[in-house]
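The shown structure was predicted, so the numbers you read here are calculated from the model rather than taken from an experiment. By convention here, the first residue in the shown sequence is residue 1.
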Amino acid sequence: MTRDSQKWYDKPVSKLILITIALTWFFPIFGFVLSSFRPGESIKRTTWWDALFTGEIWSELTLQNYSEIFFADGLDRSFYNSFAVTIPSTIIPITIAAFAAYAFAFMEFKGKNVLFLFVVASMIIPLQMSLVPLLQLFKSGAEVFGVTIIPALDLNGTFVATWFAHTGFGLPLATFLLRDFMMGLPRSVIESAKIDGASNFTTFFKLVLPLSVAGIAAFGTFQFLWVYNDFLVANVFLGIYRPENLVVTSHVSQLAVGQFGEAWHLRTSGAIISMIVPLIVFFSLQRFFIRGLIGGAVKG
């Protein structure tokens, strides 16, 4: 390979720039992690980089912050709440979107393109604009010309309200991604199944669903991370004044840091704990995530 044909990222200057950018991003994260292991008195006395260069930091590292946050402050209960919100909010939209994506990809019916256009257009609606109408809907139901369409269920403050909200916000993107992924599947296999007399349900469960595992896992990863890290929707529908309903993000934001914020080191520990689950999920499913996102980019 000649010097002129060398890829830009293989050139020494480019490598140096990329390494510099990576270190720039890593530097504050490294300090953030170190601070989560330092006692509050040490943080007030000296900065983490001074303690690191003098070697003092290695003798003061402790797990006291994590123990205080996770057990004494009740963060373990918030973890259960986060899973109670996240798991159904991931499974429900994937299940509905998989059926809808199959219909848009392989079934013919009137108005299909117009309906899919509405699905894509609904992705543009800002989440913040939907919160107040959804609050009213979950509280008082809906009526049209005096006819009750949705009864007053009084769901606000329950996990069910967050499931419905995240399902509504996640369905358009899920349908769009899965439909594009299914359009990239070998159409000859689907047509052969129909010629052999397979019904749509048989084709979906026996052929399309197994072949779409990468696409489903990609959206599942995306939805799980989004819901788990969500702060706004959880606060709106679950509230912040009932400790038994707090999810991890809400709990970390309300950690007792003192009247003047002098105990902010507790939040660094809480933030590190809250990051563990998303990191495990992403690194476990990242191969499906990349493959699923680009699966429908070539054909369809």
Side-chain angles (χ1 to χ4, degrees), residues 80-107 112 115-131 133-135 137-138 142 150 153 155-156 158-185 200-201 204-205 208-238 247-249 277-278 280-282 284-286 288-296 300:
Y80 300 141
N81 291 343
S82 287
F83 286 123
V85 169
T86 304
I87 293 176
S89 297
T90 302
I91 295 176
I92 295 173
I94 286 178
T95 303
I96 299 174
F99 285 102
Y102 175 84
F104 283 123
F106 300 114
M107 297 176 65
K112 181 175 76 170
L115 186 59
F116 185 71
L117 181 63
F118 277 106
V119 171
V120 175
S122 61
M123 295 168 55
I124 307 172
I125 301 175
L127 179 150
Q128 294 81 359
M129 291 181 59
S130 308
L131 296 180
L134 283 177
L135 278 172
L137 180 66
F138 294 159
I150 300 176
L153 300 175
L155 295 177
N156 292 331
T158 67
F159 292 146
V160 178
T162 60
W163 299 346
F164 285 162
H166 283 300
T167 296
F169 297 140
L171 262 178
L173 179 62
T175 304
F176 176 77
L177 289 178
L178 293 182
R179 181 257 187 188
D180 279 2
F181 188 89
M182 290 180 183
M183 290 288 288
L185 298 178
N200 284 316
F201 275 99
F204 175 76
F205 284 108
V208 176
L209 202 58
L211 293 174
S212 302
V213 170
I216 293 173
F219 176 76
T221 306
F222 184 86
Q223 179 75 353
F224 186 95
L225 297 179
W226 182 64
V227 176
Y228 183 87
N229 292 318
D230 168 70
F231 178 78
L232 177 62
V233 175
N235 279 359
V236 169
F237 292 102
L238 289 178
V247 295
V248 169
T249 51
V277 173
I280 292 175
V281 171
F282 178 77
S284 300
L285 300 175
Q286 63 175 336
F288 294 109
F289 184 75
I290 302 300
R291 194 189 341 159
L293 288 181
I294 66 175

Enter the distance from Ile216:CD1 to Met182:CE here, rounded to the nearest 0.5 Å.
6.0 Å
Verify, without hydrogens or angle tests, whether Thr175 (side chain) and Ala101 (backbone) share a donor-acceptor contact under 3.5 angstrom.
no
Non-hydrogen side-chain atoms of Leu134 and Val236 separated by less than 4.5 Å:
no
Value rounded to 0.5 Å, distance of CG in Leu155 from CG in Leu135
11.0 Å
What pair of heavy atoms forms the shortest contact from Pro210 to Phe204, and how long is it?
CD-O, 4.3 Å
Donor-acceptor contact present, side-chain Asp230 to main-chain Ala234, <3.5 Å
yes
Note: Met107 and Lys112 closest approach over all heavy atoms is O-NZ, 3.1 Å
Strictly distance-based, threshold 3.5 Å: is any side-chain N or O of Gln223 a donor or acceptor partner for the main-chain N or O of Ser89?
yes
Kindly check if the number of other-residue, nucleotide or ligand heavy atoms within 6.0 Å of OH (Tyr80) is above 12?
no
Please round to the nearest 0.5 Å and tell me the distance separating atom CG of Leu178 and atom CD1 of Ile96.
12.0 Å
Which atom pair, heavy atoms only, marks the closest approach of Ala174 to Pro93?
CB-O, 4.4 Å
Give the ring-plane orientation class for Phe83 versus Phe224, where under 30° counts as parallel, over 60° as perpendicular and anything between as tilted.
tilted
How about CZ on Phe164, more than 12 heavy atoms from neighbouring residues, nucleotides or ligands closer than 6.0 Å, or not?
no
Going by the rule side-chain hydrogen bond (donor to acceptor under 3.5 Å, both in side chains), which residues pair with Tyr102 if we only count those two or more places apart in sequence or in a different chain?
Asn200
With side chain to side chain contact (heavy atoms under 4.5 Å, CB included) as the test, would you mind laying out the steps for Asn229 and Val248 before giving the verdict?
CA-CA 8 Å; Asn229 292 318; Val248 169; over 6 Å; no
Can you tell if the side chain of Phe222 reaches within under 4.5 Å of the side chain of Leu177, non-hydrogen atoms only?
no
For side chain to side chain contact (heavy atoms under 4.5 Å, CB included), just list the numbers for Val247 and Phe231, CA-CA rounded to whole Å, side-chain angles, deciding distance to a tenth of an Å, and then say yes or no.
CA-CA 8 Å; Val247 295; Phe231 178 78; over 6 Å; no
Counting C-beta onward and ignoring hydrogens, is there a side-chain heavy-atom pair between Pro172 and Val120 closer than 4.5 Å?
no
Between CG of Leu131 and CG of Leu232, what distance do you get to the nearest 0.5 Å?
5.0 Å
Of all heavy-atom pairs between Ser212 and Phe181, which one has the smallest distance, and what is that distance?
CA-CE2, 3.5 Å
Of all heavy-atom pairs linking Ser122 and Val119, the shortest is OG-O, 2.6 Å
Check whether any side-chain heavy atom of Leu127 lies under 4.5 Å from a side-chain heavy atom of Val233, and answer yes or no.
yes
Measure from the side-chain N and O atoms of Trp226 to the backbone N and O of Thr221, and report whether any donor-acceptor pair falls under 3.5 Å.
no
Distance in Å, Thr90 OG1 paired with Trp163 CH2, rounded so as to fall on 0.5 Å steps
12.0 Å
Rounded to the nearest 0.5 Å, what separation is found between the CZ atom of Phe138 and the OG1 atom of Thr162?
9.0 Å
Considering only heavy atoms from C-beta outward, does the side chain of Phe176 approach that of Phe116 to under 4.5 Å?
yes
